[in-house]
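Order of the sequence lines sets the chain letters (A, B, ...), proteins ahead of strands, with each chain counted from 1.
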There are 2 protein chains.
Amino acid sequence: MLSKKCKYAIHALVYLAEKYQEGPVHIQEIAEKKHIPKKFLEAILLELRKAKVLGSKKGKGGGYYLDQKPTAINLMDIIRLMDGAIAMLPCVSLNYYEPCEECRNEKACGIREAFIKVRDETLQVLGGSTLDKILKREKSLAIK
Amino acid sequence: MLSKKCKYAIHALVYLAEKYQEGPVHIQEIAEKKHIPKKFLEAILLELRKAKVLGSKKGKGGGYYLDQKPTAINLMDIIRLMDGAIAMLPCVSLNYYEPCEECRNEKACGIREAFIKVRDETLQVLGGSTLDKILKREKSLAIK
DNA sequence: TCATTTATCTACTAAATCAGTAGACTTTAA
DNA sequence: TTAAAGTCTACTGATTTAGTAGATAAATGA
């Protein structure tokens, strides 16, 4: 399961994608529109800024804005930033690999195959889910 | 990520699948062979027994054994039993559904689509990963 | 029947993670 | 120079994870 932090991050980013190139949006506004505790959101946005996903501006008229195009930010990247590994087993993770202590011999482990497949298919879907696609989907659903 | 409990359960079940129809295997043996803390394993096996995945026999010559064919037990079922939902979002879970509080209107949420796809593909792979297949895989890897 | 062997049950516990909150500090624009 | 923003450090309470300890119950076989 994704953490709340991660879900909040996704929602905030979708909101910022909606306002792409309209100048900085302040935390308060995002927090209200997306029903996210403001203080918590602060920490999340700061983290996304440090990861170069967001840019920020201080002082009056300041706020956060997407530092990349909505077509360049996808769920895979966001989840990795917020929650770490996407794979279901550490020994199968591409970005957060760690050996499973239980497995004495990883090469001979019959369990990994399935989880490698799950990982690859998951990355395929999440990697393809960019902010602009989510936004388009949202708009098409709103019409109905 | 799967919990250790879940990984232990999978390893224990693969071990029991190897001994299928050879009579009860006692906890101590599984714990040693699979490097699982015995007391922890006790609780896990008990849970699997209550879920009718395992059967048990008390007293001398007792132990645990698979109560179903190795072709009938798969990773999807084991993970659900041990860790709960497989989906990455509660609002997308088939067996452990819960609305996401952040989403005021689930029908109009543009995020869910991707996670539904991930869920379906994951279930497909995990549901097809039966104990006998894992065992076969393990044996073919051991030869190399 | 009694001792032994095994699973079963109840009840803790320590450590880590999650989901925040509080409050001081810094930068910027007007 | 003051108000409005983001930034930073440091807590906190609740929950989950990964166990452990110890008593109890049932089956077996001598």
Side-chain angles (χ1 to χ4, degrees), chain A residues 1-12 16 23-32 34-67 79 81-85 88-90 96 98 100-102, chain B residues 1-12 16 23-32 34-51 53-67 79 81-85 88 90 96 98 100-102:
Chain A
M1 283 280 175
L2 298 186
S3 66
K4 287 207 163 197
K5 185 180 161 194
C6 188
K7 284 195 269 179
Y8 290 158
I10 296 171
H11 283 289
L16 287 173
V25 179
H26 58 263
I27 299 178
Q28 188 66 42
E29 180 182 335
I30 307 171
E32 278 168 15
K34 292 296 184 170
H35 316 103
I36 304 172
K38 194 198 158 200
K39 270 293 186 183
F40 197 11
L41 183 59
E42 277 182 21
I44 294 167
L45 297 181
L46 199 55
E47 215 173 315
L48 290 169
R49 197 199 64 115
K50 285 178 179 162
K52 316 271 187 198
V53 175
L54 295 180
S56 68
K57 206 179 157 226
K58 284 185 175 182
K60 193 157 194 176
Y64 282 99
Y65 51 90
L66 287 195
D67 209 22
I79 294 173
L81 272 171
M82 295 294 118
D83 285 359
M88 298 182 87
L89 291 178
Y96 297 83
E98 267 182 76
C100 277
E101 313 131 40
E102 312 71 87
Chain B
M1 284 279 174
L2 297 185
S3 66
K4 286 208 164 196
K5 184 180 161 193
C6 188
K7 285 194 269 180
Y8 290 158
I10 296 171
H11 283 289
L16 288 173
V25 179
H26 58 263
I27 298 178
Q28 187 67 41
E29 179 182 336
I30 307 172
E32 278 167 17
K34 291 295 185 173
H35 316 103
I36 304 171
K38 194 197 159 201
K39 270 292 184 181
F40 197 11
L41 184 59
E42 277 182 18
I44 294 167
L45 297 181
L46 198 55
E47 214 172 314
L48 290 169
R49 197 199 64 117
K50 284 178 179 162
V53 174
L54 296 180
S56 67
K57 205 180 159 225
K58 285 184 176 182
K60 190 157 197 172
Y64 281 99
Y65 51 90
L66 287 195
D67 210 22
I79 294 172
L81 271 172
M82 294 292 119
D83 284 359
M88 299 182 86
Y96 298 83
E98 266 181 77
C100 277
E101 312 132 39
E102 311 73 85

Rounding to an integer number of Å, can you tell me how far B:E47 CD sits from C:dT10 P? 14 Å
Output the rounded distance in Å from CE (A:M82) to C1' (C:dC18). 14 Å
Do NZ/NE/NH1/NH2 and the carboxylate oxygens of A:K50 and A:E47 come within less than 4.0 Å? no
Test: B:E32 and B:K38 ion pair at under 4.0 Å: no
Counting the atoms with a prime plus P, OP1 and OP2 as sugar-phosphate, which does [X] contact under 4.0 Å by heavy atoms, base, sugar-phosphate, or nothing?
X	answer
B:Q28	nothing
B:I27	sugar-phosphate
B:K39	base
B:K7	nothing

In terms of the nearest nucleotide of DNA chain C, which residue is placed more toward the 5' end: A:G59 or A:E42? A:E42
Around B:E98, counting heavy atoms of other residues, nucleotides and ligands shown, do more than 12 lie under 6.0 Å from its CD? no
Looking at B:S3, is its backbone amide N or carbonyl O close enough to the side chain of B:D83 to form a donor-acceptor pair, meaning the two atoms are under 3.5 Å apart? yes
If you only use heavy atoms from C-beta on, which nucleotide in C:dG20, D:dG19, C:dA29 is closest to the side chain of A:K4? C:dG20
Heavy-atom donor-acceptor pair, B:K38 side-chain to D:dG19 base, under 3.5 Å: no
